[in-house]
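Report on the following structure.
Ligands are counted one by one from 1 in listed order, and the atoms in each one are counted from 1 as well.
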Amino acid sequence: MVDTVKAEDAAKKAEDTAKKSDNKAGRAEMTRLGIALLGGILVLNSYLSKLLFSSAVDVNARDLSAFIGALMLSLPIFWEAARDLVRGKVHMNELVALALVAAFASGDYRTAGAVAFFMLITITIEKRTAIGAEAAIEAVVRLTPRTARRIKDGKEEVIDALNDLHTGDVCRVRPGENFPADGVILSGVSTVNQATITGESLPADKNPGSEVFAGTQNLTGLVDFRVTRIGRDTTLGKVRNLIADAERSKLPIMRAIDNYVGYYTPTILMIAGLAWFITEKIDRVIAVLVMAVPAALVIATPSAVIAAIAAASRLGILIKDVSYIELAARIKAVVFDKTGTLTEGKLEVARLQPLDGVELADLLLVATTVEHHSNHPAAEAMRKLAKEAGIQWQDPEHYQEVAGKGVQATFSGQKCLVGRASWLREEGIDTAAMDKTLGEAEEEGLSVVSVARDGRCMGWIGLRDAIRPVSAEAIAMLKELGVTQCCMVTGDNDRVAQAVAAQIGITEVRSSCLPEEKEQYVRKLKQSGVNVAVVGDGVNDAPALAAGDLGIAMGAFGSDIAVQSASVALMNNDLRRIPFLIGLARKTRMLMNQNLAIGLGFIVVGVYFATLGHVTPVGAALLHSVSSLFVIFNSARLVRSGEAMDQQETTKG
Ligand SMILES: Nc1ncnc2c1ncn2[C@@H]1O[C@H](COP(=O)(O)OP(=O)(O)OP(=O)(O)O)[C@@H](O)[C@H]1O
Ligand SMILES: [Zn+2]
């Protein structure tokens, strides 16, 4: 009991410190805002008094008001500029600071004040976007509760989920609460809203043995679960890391800009110097300096990229590096794996065909025993049927899996093989006795797995898979986007492959492929000069995924292998996310170009007019606020894309 109280205290304290740091940041911002406002009023006061009572008010008093106001507004900018200089960062602040120094030196405090005021507004706007990205990550982190109810010696205790929770602990989660970690349900039945990770709002049913994930919400039942992954290792933790990485990684265009930044300030100083030399008007120099601040340019690409990543991850699309956005926009061919990608990947046994003299139950017993350790969807289908039929399969000896061909093992002293017929023939088994029925089964659209024992054929098992309801729609959407080639590669037989392809509108089909043949196919396609995306699910697709320009892993929710070899991970099984991603990437590219053009054009035109004396320093500062806002709103349009998709209910896979 004492322990529980202590733990509750600790948890509260953790919560409080977190809250306090939130408050601190907020208070600092409020102070800054207050100072800026006061400074602004002082400067405005000076302006108005000059305008309204030009003779009545003492000139010195008016100037003093402007001077104090301008100083209050300028100090934060001087501070930032000095910090940038010390850090060796060439940034916009130093140009502003220089302009302000010039204004102060010429005794034009009102101009200094007004310029500083508008530049502060611009800086605040831009900080807000940066904070916006951090807020997106914060929101993800906040999904994991700070406390957990741990069950120890049959008693419930509240502990600090960040520090005191370990793998292997058993925790209780009430309806309405979020899971504090990844784990497996021990007792209780419930439904869970996993939308935060998968982007699918359909709740998932959970029973003992089901996997649950940190940050998802328990809806209906009280459950106890064993913690398997905590903190950064959880699926949500990985999501967070991926977002953070994506933000830090740089597009080629950003790197190109970085290369020129070093020349920028000297060039502008030269122009300003020339303006001063020719006209001897300090006003123009100030205007040129202010105009040249690359405010909108600095946020042109990051604002678009952050918006795109936010929009994608809300739909359960994880982009592992921002450079993949650029790639996705240029995709011209998409290669799909069949089983588990275009189809559900949940096979069902449709027919059992033992050869003459072989018992039906014997065929299934041998097949399930040899498949005992296999994760292949065919193996799962056989086990399901065997369970229903009450057949007790056994643990075989010398188990071996031959990728893309089948499995073999020794069962009661006899070597048995389960896999494709061509592989059995390679192993010297005569399959002639069943070639006819097997051909007929394939004609019917069944995937066929053959079984052999002790060098002799036993028969075959025919399996059926359902096509995903959205596959055809996704292919049509891709074609609409101008993706010229949609292809299917599969290890399955040609008849099944052709039947599936015909139903969803794919014409390019490669069947009976081994994993390395899939990879070769992708390489060839790439060599023909198109950008290729590969979509796959399972372990055997990893080489092909890695070979594509863009590897997209389906249903990556909770499976690490697929995520590792892919450049984009879909946390759900909705194929329509792929055309969405390509569309989003193209929109992002377009917006980035727009933003860069706006930012660059603004400076070139602005500096030109400022040099000629057509722009006042205050006007230039005001224009910066406007152009920065424009860029931000332009990028924010991306965040909204896919919202309609968000609402749509998608089929669970
Ligand atoms: N564990 C297994 N049990 C039985 N047959 C297998 C097994 N593994 C592979 N096979 C045989 O090899 C073929 C190719 O398998 P692979 O896993 O490469 O692709 P697939 O599951 O048929 O489909 P896709 O390539 O579209 O994902 C299967 O169709 C099956 O005949
Ligand atoms: Zn597959």
- Message: Give the atom numbers and elements of ligand 1 that come within less than 4.0 Å of a heavy atom of Val407.
- Response: 1 (N)
- Note on the structure: Taking only non-hydrogen atoms of Ser374 and a 4.0 Å limit, the atoms of ligand 1 in range are 1 (N)
- Any donor-acceptor N/O pair, Arg510 side chain to Cys487 backbone, under 3.5 Å: no
- Examine the proximity of ligand 1 to Arg420 and report which part, side chain or backbone, both or neither, has a heavy atom under 4.0 Å away. both
- Charged N to carboxylate O below 4.0 Å: is that the case for Glu426 and Lys405? yes
- Task: Take every heavy atom of Lys518, measure it against each atom of ligand 1, and state whether any distance is under 4.0 Å.
- Result: yes
- In ligand 1, which numbered atoms sit nearer than 4.0 Å to a non-hydrogen atom of Lys338? 26 (O)
- Residues at least two apart in sequence or cross-chain that pass ring pair (Phe, Tyr, Trp, His ring centres under 6.0 Å) with Phe411, listed by chain then number, are none
- Task: Using atom types as modelled and distance alone, determine if a side-chain donor or acceptor of Asp549 lies under 3.5 Å from a backbone N or O of Val532.
- Result: yes
- Message: Test your reading of the structure: does Gly404 have an N or O sitting under 3.5 Å from an N or O of ligand 1?
- Response: yes
- Query: His376 to ligand 1: N or O pair under 3.5 Å?
  - Reply: yes
- Message: Closer than 4.0 angstrom, basic N to acidic O: yes or no for Arg464 and Glu348?
- Response: no
- Message: With a heavy-atom distance limit of 4.0 Å, tell me whether Glu371 approaches ligand 1 through its side chain, its backbone, both, or neither.
- Response: side chain
- Message: Looking at ligand 1, is there an atom of it that comes within less than 4.0 Å of some heavy atom belonging to Gly419?
- Response: yes
- Message: Tell me the contacting part of Val449 for ligand 1: side chain, backbone, both, or neither, using a 4.0 Å heavy-atom threshold, strictly below.
- Response: side chain
- Could you tell me whether a side-chain N or O of Asp465 sits under 3.5 Å from a main-chain N or O of Gly345, the two making a donor and an acceptor? yes
- For His373, the ring pair (Phe, Tyr, Trp, His ring centres under 6.0 Å) test, sequence neighbours excluded, returns Tyr399
- Message: For a quick check under 3.5 Å, do Gln194 and Lys206 share a side-chain donor-acceptor pair by atom type?
- Response: yes
- Identify which of Ser511, Pro377, Gly491 has a heavy atom lying nearest to atom 28 (C) of ligand 1. Gly491
- If you measure every N/O of Asp337 against every N/O of ligand 1, is any gap under 3.5 Å? yes
- Gly340 touching ligand 1 at heavy-atom level, < 4.0 angstrom: no
- Ring centers of Phe179, Phe213 separated by less than 6.0 Å: no
- Query: If you count the atoms of ligand 1 from 1 in the order shown, which ones are under 4.0 Å from a heavy atom of Thr490?
  - Reply: 23 (O), 24 (P), 25 (O), 26 (O)
